[in-house]
Amino acid sequence: MTTEVSASLLATLPGHYYTDPDVFGQEQERVFEALWCCAVRAADLDRAGAYRTVRIGRESVLITRSRDGALRAFLNVCRHRGARLCADEAGEVRRGLQCPYHAWTYGLDGRLLAAPNLTRMPDVDRSAYGLVEVALREWLGYAWVCLADEPPSFEATVIGAAVERLGDPAAIERYRTEDLALGHRVRYDVRANWKLIVENFMECYHCATIHPELTEVLPEFAEGFAAQYYVGHGAAFGDEVDGFTVDGSAGFGRLPGVSEGQDRRYYAITVKPAVFVNLVPDHVILHRMFPLAVDRTVVECDWLYAPDVVASGADVTKSAELFHRVNEQDFAACERTQPAMGSRAYRDGGVLVPTEHHIGVFHDWLVRRLAA
């Protein structure tokens with residue numbers, strides 16, 4: 001889709017891709033409802049009966065921890081008359097999931113267990129009226145779901161994104177993210193189109209302008225080249241920097257599996273459509289995005305540490321504050337950009353400089369998805 005406009009510049013998507021409700025509807029259907037999306041952290045459902053609801057595309061998805069310990073995902077819709085089964089974002093039930101409208105009751109495995117007067121309808125096959133199941137995979141300690149009838153290969157489209165970025169199938173596994181503990185979490189409500197957030201994360205042309213704390217820790221970012229610009233590249237800490245913290249002070253001990261070559265380096269991965277994974281020696285930061293409208297995106301960001309760090313009550317403030325500031329700076333820039341997407345000045349889009357050319361690959365991917 002992207003076309004060359006000069007020897008140095010590439011064209012971006014036109015402005016209406018960020019403002020048109022019809023485009024957003026196509027993205028919901030052909031991107032978020034067709035691909036694997038990171039829904040919840042598995043450890044947040046720490047006991048049988050716990051559940052979470054998340055918005056994936058246009059659907060509410062209900063994720064439960066069943067009696068056998070497995071996670072399962074369903075459309076959050078009662079099979080009787082379509083009422084929303086669980087209205088809260090999180091909760092816990094003792095026995096089953098009961099619809100508040102007509103009391104149809106489902107097991108944590110989605111089976112229809114009971115309904116008023118159901119025994120008087122012996123011809124009704126309960127197995128045919130269970131909750132509609134959604135495909136679920138666990139990776140990095142999170143539950144990923146896909147609404148497609150025939151989900152694409154998880155290995156190729158999700159795990160493959162990490163392998164493609166890092167150039168080493170084992171690189172991300174060394175952080176043992178699934179064994180880490182949640183040390184901090186922030187939910188951001190960003191008044192901007194989800195693609196502006198993805199594009200911002202992928203490039204560092206803006207870093208010298210709006211990220212003073214980050215460029216102090218990662219000096220090469222001031223030159224405008226993002227970590228994702230190079231396959232396998234991790235941005236090096238500054239010589240006087242002791243840790244990935246807001247003031248460059250020491251953080252925590254290196255995670256046990258992290259290799260010598262990964263020490264004192266920052267790696268960033270974009271898993272399309274809407275997940276960012278940030279890897280540093282002593283913790284992992286994971287962003288999940290949930291587009292709610294053409295100009296509104298909720299981003300949930302988790303800071304994950306070694307279990308003993310969290311269990312000890314260690315102060316993670318300096319560690320978490322660095323990327324919290326980066327997030328606020330980035331999201332403010334995206335919100336500043338969103339109104340201009342509807343301007344006649346941006347009708348045909350903007351341009352990408354050479355250090356941003358890899359964003360053109362993202363644009364091409366999106367256009368192909370929407371045309372599918």
Side-chain angles (χ1 to χ4, degrees), residues 41 43-44 140-142 171-172 174-190 197 200-201 204 206-223 226-228 233-270 275-289 298-334:
R41 186 168 177 269
D44 289 342
L140 301 182
Y142 287 79
I172 195 169
R174 297 190 187 106
Y175 291 84
R176 297 298 301 270
T177 306
E178 65 276 9
D179 296 330
L180 302 183
L182 181 68
H184 190 63
R185 172 177 287 165
V186 179
R187 177 178 289 191
Y188 306 87
D189 196 333
V190 187
I197 300 173
N200 172 280
F201 182 74
C204 214
H206 68 277
C207 288
T209 307
I210 70 172
H211 294 321
E213 300 88 356
L214 184 64
T215 53
E216 280 292 321
V217 175
L218 305 173
E220 67 186 75
F221 274 11
E223 302 300 318
Q228 296 184 80
H233 178 68
F237 291 7
D239 292 339
E240 305 301 319
V241 170
D242 293 322
F244 197 76
T245 58
V246 72
D247 59 1
S249 59
F252 306 99
R254 191 169 81 192
L255 296 171
V258 174
S259 69
E260 189 69 30
Q262 292 171 306
D263 194 21
R264 294 184 57 78
R265 289 190 177 272
Y266 161 82
Y267 298 86
I269 303 165
T270 300
V275 173
F276 309 146
V277 184
N278 308 270
L279 306 169
V280 292
D282 64 335
H283 65 282
V284 172
I285 308 160
L286 190 140
H287 297 72
R288 289 168 286 147
M289 291 198 302
V298 167
V299 184
E300 192 160 282
C301 186
D302 290 348
W303 284 258
L304 308 170
Y305 300 85
D308 60 330
V309 170
V310 176
S312 70
D315 185 359
V316 301
T317 302
K318 288 185 178 181
S319 176
E321 181 64 20
L322 174 57
F323 228 90
H324 174 59
R325 291 192 191 181
V326 171
N327 286 338
E328 289 192 320
Q329 292 156 354
D330 280 339
F331 299 155
C334 293

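Start at 1 with the first residue, then count along the sequence.
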- [ ] If a pair satisfies salt bridge (Lys or Arg N to Asp or Glu O under 4.0 Å) and one of its residues is in residues 239-253, list it, with sequence neighbours excluded.
- [x] Asp247-Lys318
Task: salt bridge (charged side-chain N to carboxylate O under 4.0 Å, His left out) partners for Arg288, two or more places apart - done: Glu300, Asp302
Task: side-chain contact (heavy atoms from CB on, under 4.5 Å) partners for Arg176, two or more places apart - done: Glu178, Asp179
Open item on the list: Distance check, rounded to the nearest 0.5 Å: Leu304 atom CG versus Arg185 atom CZ?
Closed with: 8.5 Å
Task: Chi angles and distances behind the side chain to side chain contact (heavy atoms under 4.5 Å, CB included) call for Val186, Glu328 - done: CA-CA 11 Å; Val186 179; Glu328 289 192 320; over 6 Å; no
Open item on the list: If the condition is side-chain hydrogen bond (donor to acceptor under 3.5 Å, both in side chains), which residues does Glu223 pass it with, not counting sequence neighbours?
Closed with: none
Open item on the list: Could you work out, with ring pair (Phe, Tyr, Trp, His ring centres under 6.0 Å) as the rule, every residue matching Phe323, not counting sequence neighbours?
Closed with: His287
- [ ] Check step by step if side chain to side chain contact (heavy atoms under 4.5 Å, CB included) holds for Val190 and Met289.
- [x] CA-CA 10 Å; Val190 187; Met289 291 198 302; over 6 Å; no
Task: Listed partners of Val241 passing side-chain contact (heavy atoms from CB on, under 4.5 Å), at least two apart - done: Val217, Phe237
TODO: Using side-chain hydrogen bond (donor to acceptor under 3.5 Å, both in side chains) as the criterion, list what pairs up with His184, not counting sequence neighbours.
DONE: none
Task: For Ser312, side-chain contact (heavy atoms from CB on, under 4.5 Å) partners two or more places apart - done: Ala314
Open item on the list: Tell me which pairs pass salt bridge (Lys or Arg N to Asp or Glu O under 4.0 Å) where either residue lies in residues 253-262, with sequence neighbours left out.
Closed with: Arg254-Glu260, Arg254-Asp263
TODO: State which residues pass side-chain contact (heavy atoms from CB on, under 4.5 Å) with Ala306; sequence neighbours excluded, sorted by chain then number.
DONE: Leu255, Asp308, Val309
- [ ] Apply ring pair (Phe, Tyr, Trp, His ring centres under 6.0 Å) to Phe331 and list each qualifying residue two or more places apart in sequence or on a separate chain.
- [x] Tyr188
Task: Residue list, side-chain hydrogen bond (donor to acceptor under 3.5 Å, both in side chains) with Ser259, at least two apart or on another chain - done: Gln262
Task: Min side-chain heavy-atom separation Val299-Asn327 under 4.5 Å - done: no
Open item on the list: Before you tell me yes or no, could you show the steps for Thr270 and Phe201 under side chain to side chain contact (heavy atoms under 4.5 Å, CB included), namely the whole-Å CA-CA distance, both residues' side-chain angles and the distance that decides it to 0.1 Å?
Closed with: CA-CA 8 Å; Thr270 300; Phe201 182 74; 3.5 Å; yes
- [ ] Please report the C-alpha distance between Val277 and Val284 in whole Å, then the side-chain angles of each, then the deciding distance to 0.1 Å, and finally whether the side chain to side chain contact (heavy atoms under 4.5 Å, CB included) criterion is met.
- [x] CA-CA 7 Å; Val277 184; Val284 172; 4.2 Å; yes
Open item on the list: Can you tell me how the ring of Phe252 sits relative to the ring of Tyr305, calling it parallel under 30°, perpendicular over 60° and tilted otherwise?
Closed with: perpendicular
